[in-house]
**Q** 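Below are the structure tokens for one structure; questions will follow.
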Amino acid sequence: MPIIQEAEVRTQSGANFTAVHAGPLSSLDNFKLEVPALKKSVSGKLFIKDVIGLSAMEISMNKFAPGQSSPFYHKHKANEEAYIFVKGRGQMQIDGETIDVEEGSIVRVSTAGSRCIRNNSNEELCYICIQAKEGSLEAYTREDGVRTEDPVTWPE
């Protein structure tokens with residue numbers, strides 16, 4: 001889906017990293033996504049994958065205004081999703097079951113789960129959604145992390 005960026009993102013990169021500075025969560029309305037199925041654009045959604053060159057996951061930053069909701073249910077062919085709620089309150093429906101969410105809630109949805117979100121509060125609802133291929137994690141931090149002997153120093 002084409003992304004229309006009406007706001008500037010700042011990027012910073014080096015040999016082994018890329019960072020994006022998208023601004024405060026309250027400015028997510030400046031990012032829009034073209035949704036051909038709806039024949040319109042939706043504001044408050046910034047996909048990160050292409051901006052920083054991710055190769056194993058998709059990340060999006062999302063904002064729903066008070067009273068806003070997903071216009072349709074969706075599920076995925078290959079990717080499970082983790083929704084990390086960082087501001088506000090709302091609800092998710094997964095396979096018809098309603099779950100209350102708020103700042104600090106984290107919800108995993110499998111590929112087969114049909115899902116949608118709504119903000120039924122009077123404040124902004126902001127969340128980060130991470131997609132990765134279901135069943136693909138082979139090692140996690142304790143097995144995958146390798147300590148280096150580089151000294152830690154910070155600029156003054």
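Worth saying up front: this structure is predicted, and the values here are computed from it rather than measured. Residue indices begin at 1 and follow the sequence shown.
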**Q** Check Ala139 against Glu143 and note the closest heavy-atom contact, atom names and distance.
**A** CB-CB, 4.2 Å

**Q** Please name the pair of heavy atoms, one in Lys63 and one in Cys126, separated by the smallest distance, quoted to 0.1 Å.
**A** CG-SG, 3.9 Å

**Q** Could you tell me the separation between the NE2 atom of His74 and the CD1 atom of Ile117, rounded to the nearest 0.5 Å?
**A** 8.0 Å

**Q** Just wondering, do Arg115 and Gln93 contact through their side chains at under 4.5 Å, heavy atoms?
**A** no

**Q** Could you grab the distance from atom OG1 of Thr11 to atom CD1 of Ile52, nearest 0.5 Å is fine?
**A** 10.0 Å

**Q** Are side-chain N/O atoms of Asn119 and Gln68 paired as donor and acceptor at under 3.5 Å?
**A** no

**Q** Are any of the side-chain nitrogens in Arg89 or Glu103 under 4.0 Å away from the carboxylate oxygens of its partner?
**A** no

**Q** Looking at Asp144, I'd like to know if its CG atom is crowded, meaning that more than 12 non-hydrogen atoms belonging to other residues, nucleotides or ligands lie closer than 6.0 Å.
**A** yes

**Q** I would like to know whether Val109 and Met92 meet side-chain contact (heavy atoms from CB on, under 4.5 Å); could you show each step before the answer?
**A** CA-CA 10 Å; Val109 184; Met92 286 189 79; 4.2 Å; yes

**Q** Would you say Lys45 and Asn62 are linked by a side-chain donor-acceptor pair, where the criterion is simply a distance under 3.5 Å?
**A** yes

**Q** Could you give the distance from OG (Ser27) to CE (Met61), rounded to the nearest 0.5 Å?
**A** 8.0 Å

**Q** Does atom CD of Glu97 have more than 12 heavy-atom neighbours, drawn from other residues, nucleotides or ligands, at distances under 6.0 Å?
**A** no

**Q** Under the side-chain contact (heavy atoms from CB on, under 4.5 Å) criterion, do Tyr73 and Lys75 qualify, and how do the steps go?
**A** CA-CA 7 Å; Tyr73 284 93; Lys75 56 175 126 179; over 6 Å; no

**Q** Closest heavy-atom contact between Leu125 and Gly88?
**A** CD1-C, 3.9 Å

**Q** Going from CD on Glu102 to CD on Glu123, what distance comes out if it is rounded to the nearest 0.5 angstrom?
**A** 9.5 Å

**Q** A side-chain contact here means heavy atoms from C-beta on lying under 4.5 Å apart; do Phe85 and Val107 qualify?
**A** yes

**Q** Linking I/L/V/M/F/W/Y whenever their side-chain heavy atoms sit closer than 4.5 Å, directly or via other members, would Val101 and Ile128 fall into one cluster?
**A** no

**Q** How close do Ser121 and Pro66 get, counting heavy atoms only, and between which atoms?
**A** O-CB, 3.3 Å

**Q** From Leu54 CG over to Ile48 CD1, what is the distance, rounded to the nearest 0.5 angstrom?
**A** 8.0 Å

**Q** Is the shortest side-chain N to carboxylate O distance from Glu124 to Lys87 below 4.0 Å?
**A** yes

**Q** Of the non-hydrogen atoms in Phe17 and Gln12, which two are nearest, and what is the gap between them?
**A** CE1-O, 3.7 Å

**Q** Can you name the closest pair of heavy atoms from Thr18 and Ser13 and give their distance?
**A** OG1-CB, 3.9 Å

**Q** Is it the case that the side chains of Thr111 and Glu80 hold a donor-acceptor pair, with the cut-off being a distance below 3.5 Å and no angle test?
**A** no

**Q** Side-chain heavy atoms under 4.5 angstrom apart, residues restricted to Ile, Leu, Val, Met, Phe, Trp, Tyr: same cluster for Leu25 and Ile130?
**A** yes

**Q** One thing to verify: whether Arg108 and Glu134 come together as a salt bridge, which I'm taking to mean a side-chain N less than 4.0 angstrom from a carboxylate O.
**A** yes

**Q** With no hydrogens and no angle check, is any side-chain donor or acceptor of Arg118 less than 3.5 Å from a backbone partner on Phe64?
**A** no

**Q** How long is the span from the CG atom in Asn79 to the SG atom in Cys129, to the nearest 0.5 Å?
**A** 9.5 Å

**Q** Do Tyr140 and Ile106 share a hydrophobic cluster (ILVMFWY, side-chain heavy atoms under 4.5 Å, transitive)?
**A** no

**Q** Could you check whether the rings of Tyr83 and Tyr127 sit parallel, tilted or perpendicular, using 30° and 60° as the cut-offs?
**A** tilted

**Q** Could you see if Ile84 belongs to whatever hydrophobic cluster contains Ile99? Use Ile, Leu, Val, Met, Phe, Trp, Tyr and a side-chain cutoff under 4.5 Å.
**A** no

